[in-house]
Amino acid sequence: MVKAVVLGASGGIGQPLSLLCKISPLIDELSLFDVVNTPGVAADLSHISSVATIGGFVAAKGDFKGEKQETEDAKKEALTGADIVIIPAGVPRKPGMTRDDLFKTNAGIVKDLIVAVSKYCPKAYVCVISNPVNSTVPIAAEVLKKAGVFDPKKLFGVTTLDVVRAQTFVGEIIGEKDPRKLTIPVVGGHSGATIVPMFSQAKPSVKIPEDKLDALVNRVQFGGDEVVKAKDGAGSATLSMAYAGFRFAESLIKASKGEKGIIEPTFVYLPGVEGGDAIAKKTGCEYFSVPVELGPNGAEKAINILSSANDHEKKLLEEAIKGLKTNIEAGVSFVNNPP
Ligand code: APR
């Protein structure tokens, strides 16, 4: 029995993500929570003739801070017994906003939701999508630490969309019709220049023409801006993010059921994952997205590919680490020295 929970299920990411979860043969029970509309989304999805049963839980009307008893009860019911919690709750980016501009609002939302996770399903895998992931994952970790239930192997920042974009954009350049056949590690963080695609470590190896490399790196780092601009004020990536979030959740569930050899880049607390300490020491960052071997306990092993970076990637990594340190610190101090 696998129970999955989507927090922020009525949103642009939450709805297609919930749809993918509802039709997945890997999920037996799906539970949706949001501050609006969740019973409607759940009722709609419930008509789909797939395996997963579905429940929709909504916060008390007008209660955005989760202070009312009805909201607490809804969270409790939604989360109790969860094996995996996926969190796309928050506000999306508008044109001109960076992911970091979202910080203030989304930091509070994630903190509040993780408090509920720590109470009602402390052993669940937690997959954070709410941006800026570089800061919201440290926020989640600090909240779980304070509650005494932090298991670093079970907390993930979802960076899969960066991998998905890298696969797609490289596929376009080299003429690969099925980009999923390309394994392209993307490391670092999940915002602009903190994102580092490592094409030198692609499998099978890919040859990117010299004159296309800078534009390709830039497109992977800032691909989200293309979507924000094209949506013209209506938000940021939702459908591709839902796909990426589901793809990561699916890998985690498969690994939890014993499937071997599943490796996904994901943003983790390095000192708590085997092999991660060396990467933390080398980068000076406690949180980093690296390829992680997934297993029944979650993040079984962090794989250090950073030492194989070529000169171009080393420069990108230096730049990424600078930004990432600031983002991580912002998340940690949001919990420990509240504004
Ligand atoms: N608890 C639960 N759900 C919440 C809360 C909360 N405290 N606050 C907001 N939400 C819900 C909103 O009601 C909405 O349904 O989160 C959902 C967010 O949906 P959208 O506004 O459509 O935003 P979306 O495009 O899905 O992006 C959500 O994911 O990738 C990130 O940058 C993105 O941080 C943003 C988040």
Side-chain angles (χ1 to χ4, degrees), residues 5-20 31-42 56-68 70-79 85-117 120 127-137 139-140 143 156-162 164-165 189-192 195 222-225 227-228 230-246 248 267 327 331:
V5 185
V6 179
L7 302 177
S10 306
I13 296 169
Q15 289 204 34
L17 176 62
S18 302
L19 170 63
L20 292 168
S31 167
L32 312 180
F33 176 84
D34 200 301
V35 292
V36 289
N37 289 344
T38 342
V41 177
F57 305 90
V58 69
K61 207 161 190 232
D63 180 18
F64 285 85
K65 292 204 175 135
E67 284 160 352
K68 293 195 179 139
E70 303 100 282
T71 302
E72 198 55 32
D73 292 346
K75 282 182 189 157
K76 182 176 181 183
E77 217 179 321
L79 289 166
V85 181
I86 316 169
I87 310 181
V91 293
R93 267 197 302 164
K94 298 275 159 51
M97 279 172 91
T98 65
R99 289 195 179 100
D100 299 327
D101 292 332
L102 299 178
F103 179 79
K104 277 215 174 82
T105 310
N106 287 359
I109 291 173
V110 170
K111 185 176 163 201
D112 173 62
L113 291 173
I114 296 290
V115 168
V117 166
Y120 304 125
C127 307
V128 181
I129 292 175
S130 315
N131 273 312
V133 161
N134 295 357
S135 305
T136 51
V137 171
I139 288 173
V143 172
F156 307 91
V158 180
T159 58
T160 317
L161 182 54
D162 305 320
V164 168
R165 286 187 176 132
H190 182 58
S191 178
I195 300 170
F222 296 94
D225 294 354
V227 181
V228 170
K231 289 195 174 178
D232 198 18
S236 49
T238 53
L239 302 171
S240 51
M241 185 59 241
Y243 164 76
F246 175 71
F248 182 73
F267 193 73
N327 297 159

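All values below come from the heavy atoms of this structure, side chains included, with hydrogens, waters and symmetry mates left out. Just so you know, ligand 1 is whichever comes first in the structure, and atom 1 is the first atom listed for that ligand. Keep in mind that what you see is a predicted model, and the values were worked out from it rather than measured.
In this structure, T238 and K231 have side chains that are in contact, with non-hydrogen atoms separated by less than 4.5 Å. Contact annotation: the side chain of L7 approaches that of L79 to within less than 4.5 Å [non-hydrogen atoms, C-beta and beyond]. Residues Y120 and E72 have side chains in contact (heavy-atom distance under 4.5 Å, counting atoms from C-beta outward). Considering only heavy atoms from C-beta on, H190 comes within 4.5 Å of D162 through its side chain. Counting heavy atoms from C-beta on, the side chains of N106 and V91 come closer than 4.5 Å. Taking the side chain as every heavy atom from C-beta outward, L102 and P132 approach each other to under 4.5 Å.
Within the 4.0 Å heavy-atom criterion, both parts of N131, backbone and side chain, lie near ligand 1. Residue contacts with ligand 1 for L102 involve side-chain atoms from C-beta outward but no N, CA, C or O (heavy atoms, distance under 4.0 Å). Contact annotation for I13 and ligand 1: heavy atoms of both the backbone and the side chain come within less than 4.0 Å of the ligand. When heavy-atom distances to ligand 1 are checked against a 4.0 Å cut-off, A89 comes that close through both its backbone and its side chain. If you look at V91 next to ligand 1, the close heavy atoms, those under 4.0 Å, all belong to the backbone.
Using a 4.0 Å cut-off to heavy atoms of G90, the atoms of ligand 1 that qualify are 9 (C), 10 (N), 16 (O), 17 (C), 18 (C), 21 (O). The ligand atoms of ligand 1 that sit less than 4.0 angstrom from a heavy atom of G12 are 19 (O), 20 (P), 22 (O), 26 (O). Residue contact check: T238 has heavy atoms under 4.0 Å from atoms 25 (O) of ligand 1. For ligand 1, the atoms lying closer than 4.0 Å to a non-hydrogen atom of V36 are 13 (O).
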Would you check, one step at a time, whether the test side chain to side chain donor-acceptor pair (under 3.5 Å) holds for T71 with D63? CA-CA 7 Å; T71 302; D63 180 18; 2.7 Å; yes
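Not a single N or O atom of D112, backbone or side chain, sits closer than 3.5 Å to an N or O atom of ligand 1. The distance criterion of under 3.5 Å between nitrogen or oxygen atoms is not met by F33 with respect to ligand 1. In terms of polar-atom proximity, N106 is counted as a contact of ligand 1, with an N or O under 3.5 Å from an N or O of the ligand.
In this structure, the separation between NZ on K68 and NZ on K61 is 10.0 Å, given to the nearest 0.5 Å.
Nearest to atom 19 (O) of ligand 1 by heavy atom, out of G11, A242, A59, is G11.
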